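Residues take their numbers from the sequence shown, with the count starting at 1. Not measured: the values here are computed from a predicted model.
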Amino acid sequence: MTRNYGTNRVMEPQHVLPTSAWRLDNSRNIAPEEIRVDIKRIHIEQTSFKQICLEAADNDQRIKQKIMDIVIRRGKLHNPVTDTGGLFYGTVSEVGAEYDNKKGFKPGEEVVCNASLASVPIYIDKIISIDRAFGQIDIEGYAVLYNEVPLVRKPEGIPINLLLFAFNESGTLYRISNTAVGKKKFLIVGNNLLSNLLFGYAVRKVAREDAEVVCLLDRKTDIVLKGQSINDLIARVFTEVHYVDILKPMECLSGLNADSLFDLSVNCADIPGAETINILATKSGGTVVFANLINNYNIALYITESISRQLDIRCADGYLEAYDEFDIEIVKDLIPYIENAVETDPYVDDDPSYPINRETRLLEASGQRKTMLEDFVCESRAMAAVLNDMLTVAKYDCNVLITGDTGVGKEKVANIIHKNSNRKMQPFIKVNCASISPTLIESEFFGYERGAFTGANSNGKKGYFELADNGAIFLDEIGELQQDMQAKLLRVIQDGEFFRVGGTTPIKTNVRILSATNRDLEDLIQEDKFRRDLYYRLNVVRMRVPNLRERTGDIPALVNHFIKKYSDKFEIQRKIDDDAVEYLKQCEWPGNIRELENVVQRLMISAKGEQITLLDVMRELHAEVFENTSPEAAANAEEEGRTLNLEKMVENFEKNIIKHACEKYGSTRKVAKAIGISQTQLVRKKKKYEI
């Protein structure tokens, strides 16, 4: 039998295995040596699932769309940001005549694919639901597997979510269990309680009776399962449990008094930079296992050299014979605890100091990120992902289309791309396509010869493309460009030359085009308002800048940035209370950063003292609610000798809040939920205030 390892499914680049390929052929018809499985559930590797949730601002619809986008682009579920995949469960639908069917699979049998989806062609027709606790999705779709991809029959009576979660650790659980035999002191470091419990149980299953198994959980740990049964399992597995900041290893070790203490330490944290604590906590001659491929094996080796400690350092294991049977036995042992647990939605942390990949961690630790960003505030995970894309695409001399809502900072993104490109010392011309009159736009873009039209400069004039030669041009609001200019712009991109208005000699140009729009160009194409061929020329790389609702982690830094900016401009000093910033994080920002900046500017002017308070913010954003209840009205009443009635002022304020909420939300159920009272209380108060 000839082995091709699935290379017949590789589309680009050629001559590599499916795991290394950018794109696979995920068409439904199978070759004789293949098997097709109808997928029911996919487990997405933890780092990948978290990155997708962060980039989608934890919105279910966006999460589904991002997963679909990866599969559409690549023909497999192989996240290009984290370089990880996952596993799936489904039923066999068709077996090829030459498939090496050693286990005798038949159509209709339930199976688990025990190899990474980074190497398997899959097609998703629909994502039905998301299981956040386990990082899994229920779908309708299929996968095509070649001979060598391992398939396992689903055991009876085992919950598939827990089985997929355990199988995702590949052979590492089995390897750690074998390594733990005869040892006494163990350390499990991670940021997902269920992962720590799996590795801790694998150790406890074979360790000596007097063994100590210490668990370190990061303070930002995903506690996906709660309840008394989980507490009982924790007590059975771990001798001690500590919540720490695992990116501060010296602080962790000091709190544990654990330097050079453990025989075997396991790191299953999906946080780059978490390697140090395991190296320092393991005694000479001991073993360190990195169960997550995001950890940096090279750094770990360098640390052992620098502290002169001999350690056996191992990375996560892939396929090991019989590891699936071992994982199944562990899952069976854990079922009574897991079945009685309460599932929770893990918290999506928008903190760039806990990066998704090694490159971001390196930029953060070295301080390069701030240098590259100028005054562009980037304190959220969503924007950290955009930054990675900016710095990557800056290196390649290709056209970039920047999309996003009004006010998100698309021009600043273009600035950073140009600043970090090979053309950074050349001209960078910025053009707003919507602000130029249609009658003048051609002469502005391409210039004109002298005497080309009435009122023309007697010496002629260079246009934007001539001025930008060897540099870059930023075309903002490209969707507003008239169709006749779209055709002329397309010719410049295709031929690298243009004619001045009134000219007969072509002028060569070498310009990189960065364009931006807040409109959906594909919709404009369908409406015959934008040329498809121009769209493809501009959209070599597409970059979406998230709106402020998707990057609330940036709001505190943006507020402080604008306060400093306007403190310098207005020569006044202001600070802002924490609860005021927290309220700003909860607000809707249809105008995004531009709107937030305007609000902060007004707060700088209107605040009565040096400290901007929550009341100042609420008064600025909800002036209609403060009618007849403002401190100024109270002060006026005092000056006029009238008695202040606190109860009346509070009632007026409450009435205005309810009235405003009723106008905004409509139904009593929605209003009650918005202002945090019961529907019965709301009805009673509406009657009281005659609303």
Side-chain angles (χ1 to χ4, degrees), residues 393-403 410-411 414-415 417-419 421-519 521-543:
V393 78
K395 303 172 188 174
Y396 301 99
D397 204 27
C398 60
N399 295 338
V400 181
L401 177 62
I402 306 166
T403 65
K410 296 187 289 293
E411 182 177 337
N415 286 341
I417 291 173
H418 180 67
K419 178 186 176 183
S421 74
N422 294 330
R423 296 178 183 244
K424 59 180 175 286
M425 302 304 293
Q426 301 299 325
F428 185 39
I429 305 298
K430 301 175 185 178
V431 183
N432 188 311
C433 299
S435 66
I436 306 174
S437 167
T439 58
L440 298 175
I441 194 164
E442 183 177 1
S443 61
E444 291 294 316
F445 269 49
F446 307 128
Y448 56 82
E449 300 290 352
R450 61 181 180 179
F453 51 84
T454 303
N457 189 305
S458 59
N459 295 320
K461 179 185 175 182
K462 290 183 177 181
Y464 297 135
F465 274 86
E466 201 167 347
L467 294 171
D469 191 33
N470 293 320
I473 191 167
F474 175 58
L475 301 179
D476 198 8
E477 299 193 55
I478 189 70
E480 307 303 321
L481 207 60
Q482 298 295 313
Q483 284 206 323
D484 59 336
M485 272 304 299
Q486 292 178 28
K488 292 171 182 175
L489 177 59
L490 177 64
R491 183 174 185 274
V492 174
I493 299 173
Q494 287 178 332
D495 301 339
E497 64 180 27
F498 59 89
F499 291 89
R500 285 183 177 180
V501 175
T504 57
T505 304
I507 298 174
K508 295 291 184 181
T509 185
N510 175 16
V511 174
R512 182 184 193 182
I513 299 178
L514 309 177
S515 51
T517 182
N518 60 6
R519 304 184 67 180
L521 295 186
E522 292 181 358
D523 284 349
L524 294 181
I525 291 170
Q526 295 300 319
E527 298 168 10
D528 290 329
K529 294 180 180 178
F530 202 86
R531 295 180 63 108
R532 185 179 297 276
D533 46 6
L534 176 59
Y535 172 70
Y536 289 141
R537 291 287 185 171
L538 297 173
N539 188 28
V540 176
V541 173
R542 184 171 185 153
M543 189 173 299

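The shortest side-chain heavy-atom distance between V393 and I417 falls under the 4.5 Å cut-off. The side-chain heavy atoms of Y535 and L401, taken from C-beta on, include a pair separated by under 4.5 Å.
Closest non-hydrogen pair, E477 versus A434, comes out as OE1-CB, 3.5 Å. The minimum heavy-atom distance between F530 and G479, with the atom names listed, is CE1-CA, 4.2 Å. When all heavy atoms are compared, the tightest approach of P427 to A468 is CB-CA, 4.2 Å. Heavy atoms only, all atoms of each residue included: Q486 and K529 are closest at NE2-O, 3.1 Å. Of all non-hydrogen atoms in Q426 and G471, the two that sit nearest each other are CB-CA, 3.6 Å.
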Let me see the working for K410 and D476 under salt bridge (Lys or Arg N to Asp or Glu O under 4.0 Å), right down to the final yes or no.
-> CA-CA 8 Å; K410 296 187 289 293; D476 198 8; 5.5 Å; no

Going through the checks in order, is the side chain to side chain contact (heavy atoms under 4.5 Å, CB included) test met by N510 and D469?
-> CA-CA 5 Å; N510 175 16; D469 191 33; 3.9 Å; yes

Intermediate values then yes/no, side chain to side chain contact (heavy atoms under 4.5 Å, CB included), N399 and S515 = CA-CA 8 Å; N399 295 338; S515 51; over 6 Å; no

List the steps, then state whether side chain to side chain contact (heavy atoms under 4.5 Å, CB included) holds for L475 with Y464.
-> CA-CA 10 Å; L475 301 179; Y464 297 135; over 6 Å; no

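No more than 12 heavy atoms of other residues, nucleotides or ligands lie within 6.0 Å of CZ in R450, so this atom counts as exposed by the packing criterion.
By the salt bridge (Lys or Arg N to Asp or Glu O under 4.0 Å) test, E411 pairs with K430, sequence neighbours left out. For F428, the ring-ring contact (aromatic ring centres under 6.0 Å, His included) criterion is met by H418, not counting sequence neighbours. Evaluation of the salt bridge (Lys or Arg N to Asp or Glu O under 4.0 Å) rule for R512 yields no partner, not counting sequence neighbours. Checked against side-chain contact (heavy atoms from CB on, under 4.5 Å), L467 has the following partners two or more places apart in sequence or in another chain: I429, K462.
Proximity of a side-chain donor or acceptor of E480 to a complementary backbone N or O of S435 within less than 3.5 Å is not detected.
Among residues at least two apart or in separate chains, salt bridge (charged side-chain N to carboxylate O under 4.0 Å, His left out) pairs with a member in residues 437-448 are E442-K488, E444-K461. Applying the ring pair (Phe, Tyr, Trp, His ring centres under 6.0 Å) test to pairs two or more places apart or on separate chains, those with a residue in residues 474-506 are F446-F498.
Distance check, rounded to the nearest 0.5 Å: CG of L538 to SG of C398 gives 12.0 Å. Note: T509 OG1 to E466 CD = 8.0 Å, rounded to the nearest 0.5 Å. Rounding to the nearest 0.5 Å places OG1 of T517 at 11.0 Å from CD1 of I402. Between atom CZ of residue R537 and atom CZ of residue R532 there is a gap of 15.0 Å, rounded to the nearest 0.5 Å. The distance from the CG atom of D397 to the NZ atom of K395 is 14.5 Å, given to the nearest 0.5 Å.
Considering I436, I441, L534 as possible partners of M485, the one that fulfils the side-chain contact (heavy atoms from CB on, under 4.5 Å) test is I441. Residue I513 is tested with I478, I473, V492 for a side-chain contact (heavy atoms from CB on, under 4.5 Å); the sole match is I473. For the side-chain contact (heavy atoms from CB on, under 4.5 Å) with R531, the qualifying choice from L524, L490, L489 is L490, the only one to do so.
Between E497 and R491 there is a salt bridge, since a side-chain N of the basic residue sits under 4.0 Å from a carboxylate O of the acidic one.
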